[in-house]
Amino acid sequence: MKNLLKINKIYLRFFLIILIIFYSNKIISSENRILFKINDKAFTSLDYELRKRYLDFVGNNEKLSREIVLEDFISANIFFEYYKNSNDNFNYDLKVKEIFDNIINVNKKNNKKYNYKINQENILLNIKIDFIRKSILERILNSNVANLNQEKEEIDLLYKFIINYINIQKDNNKEIIEEILNLKNIQIDKIISLLNNRNIEFFTKKKEINDIYKIDNRISKKILENEKFFIIEKNNKISLIFVDKKFETLDGLIANIYSVRSNEE
């Protein structure tokens, strides 16, 4: 009788273990369910939770709704898939690590507390995804700014323009201008070196443009045409002009993008 009871207890324990394993797996599988797919790659509720931790790490985003977080996560990964299928050979890893270190330092200064263990690999991946999306959007805006019917305040808000001038006298300098234009890669330091080697007098000037409509019309027109280098002649002076146009954001990672749709063009 005792042996029978022992056997029954063994079977009972075995049965209980099987039940626990079965329901544990069921709970895990139900918790880690697929939320969406992109190109046959599945993103699960676990990925969503890691994304939420990342968003908390980079800012005060704990009050964001599930819908906003999920839509943003889908958006970021669509851009990332586009990047993976493009010919973008830029090495983003150094910039991503720099952003990560900056956020770590800021969080330490602010005595930020984490309710989770920091998963550096996950955070670096999400920073890379978001930074690539940001870079793609900047390129789209930069390439289409001339086609946008924008008010001047909007253009000055979107972009920061740095103008570098190299001014020389027009007399007897036509040959050097032709030589500059024939350079394969026209850069300001190369031109300065070339002018020094030819003993040609020049002076340089650097200026940030806050309002492109308050400068020479020829320069503002070239800026809107997305020209990065051009030459302007005025009286007896030749100006070699370089435009450095940057998307007007801080060194942070996240920007708010608003979309307005209309049924009419």
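Applying the salt bridge (Lys or Arg N to Asp or Glu O under 4.0 Å) test to every pair with at least one member in residues 106-124, sequence neighbours left out, gives these pairs: D56-K112.
Between K41 and E81 no salt bridge is recorded (no basic side-chain N to carboxylate O distance below 4.0 Å). Looking at K228 and D244, no side-chain N of the basic residue comes within less than 4.0 Å of a carboxylate O on the acidic one, giving no salt bridge. Between D47 and K52 there is no salt bridge, since no side-chain nitrogen of the basic residue lies less than 4.0 Å from a carboxylate oxygen of the acidic one.
For Y116, the OH atom counts as densely surrounded, since its 6.0 Å shell holds more than 12 non-hydrogen atoms of other residues, nucleotides or ligands.
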query: Step by step, would you call E179 with R198 a salt bridge (charged side-chain N to carboxylate O under 4.0 Å, His left out)?
result: CA-CA 11 Å; E179 188 173 351; R198 299 291 192 278; 2.6 Å; yes
field: side-chain hydrogen bond (donor to acceptor under 3.5 Å, both in side chains) assessment of D101 paired with N105
entry: CA-CA 6 Å; D101 292 337; N105 292 332; over 6 Å; no
message: Let's go through K222 and D216 carefully: what are the C-alpha distance in whole Å and the side-chain angles of both, what is the deciding distance for salt bridge (charged side-chain N to carboxylate O under 4.0 Å, His left out) to 0.1 Å, and is it a yes or a no?
response: CA-CA 10 Å; K222 292 292 185 181; D216 190 305; over 6 Å; no
- prompt: Can you list the steps and then say if Y54 with N119 is a side-chain hydrogen bond (donor to acceptor under 3.5 Å, both in side chains)?
  reply: CA-CA 9 Å; Y54 154 76; N119 184 332; over 6 Å; no
Step-by-step side-chain contact (heavy atoms from CB on, under 4.5 Å) determination, F43 to I38: CA-CA 8 Å; F43 295 84; I38 299 176; 4.1 Å; yes
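Within the 4.5 Å cutoff, the side chain of Y114 has heavy atoms near those of the I118 side chain.
Remark: the N122 side chain and the N126 side chain contain an N/O donor-acceptor pair separated by less than 3.5 Å. T44 and R33 form no side-chain donor-acceptor contact under 3.5 Å, judged by distance and modelled atom types alone.
Between I238 and the options I180, N167, I168, a side chain to side chain contact (heavy atoms under 4.5 Å, CB included) holds for only I168.
For S239 (side chain) and I241 (main-chain N/O), no donor-acceptor pair under 3.5 Å exists by modelled atom type. In this structure, D72 contributes its side chain and I68 its backbone to no donor-acceptor pair below 3.5 Å. Proximity of a side-chain donor or acceptor of N77 to a complementary backbone N or O of F80 within less than 3.5 Å is not detected. S86 places a side-chain N or O within 3.5 Å of a backbone atom of Y83 that can act as its donor or acceptor partner.
Heavy-atom minimum distance, A76 versus D130: CB-OD1, 3.5 Å.
The distance from the CG atom of L240 to the CD1 atom of I231 is 5.0 Å, given to the nearest 0.5 Å. One distance of note links CD of Q120 with CG of L125; it measures 12.5 Å at 0.5 Å rounding. To the nearest 0.5 Å, atoms CZ (F202) and CD (Q169) are separated by 13.5 Å.
Between Y165 and F203, a ring centre-to-centre spacing not shorter than 6.0 Å is recorded.
I132 and L94 fall into different hydrophobic clusters, where Ile, Leu, Val, Met, Phe, Trp and Tyr side chains are chained together by heavy-atom contacts under 4.5 Å. Residues F242 and L181 fall within the same hydrophobic cluster, defined by Ile, Leu, Val, Met, Phe, Trp and Tyr side chains chained together at heavy-atom separations under 4.5 Å. If you chain together hydrophobic residues whose side chains sit under 4.5 Å apart, I162 and I232 never meet in one group.
A perpendicular orientation is assigned to the rings of F131 and Y92, their planes being inclined by more than 60° (bins at 30° and 60°).
With a 6.0 Å cutoff to the six-membered ring centre and a 45° limit on the axis angle, R66 counts as a cation-pi contact of Y48.
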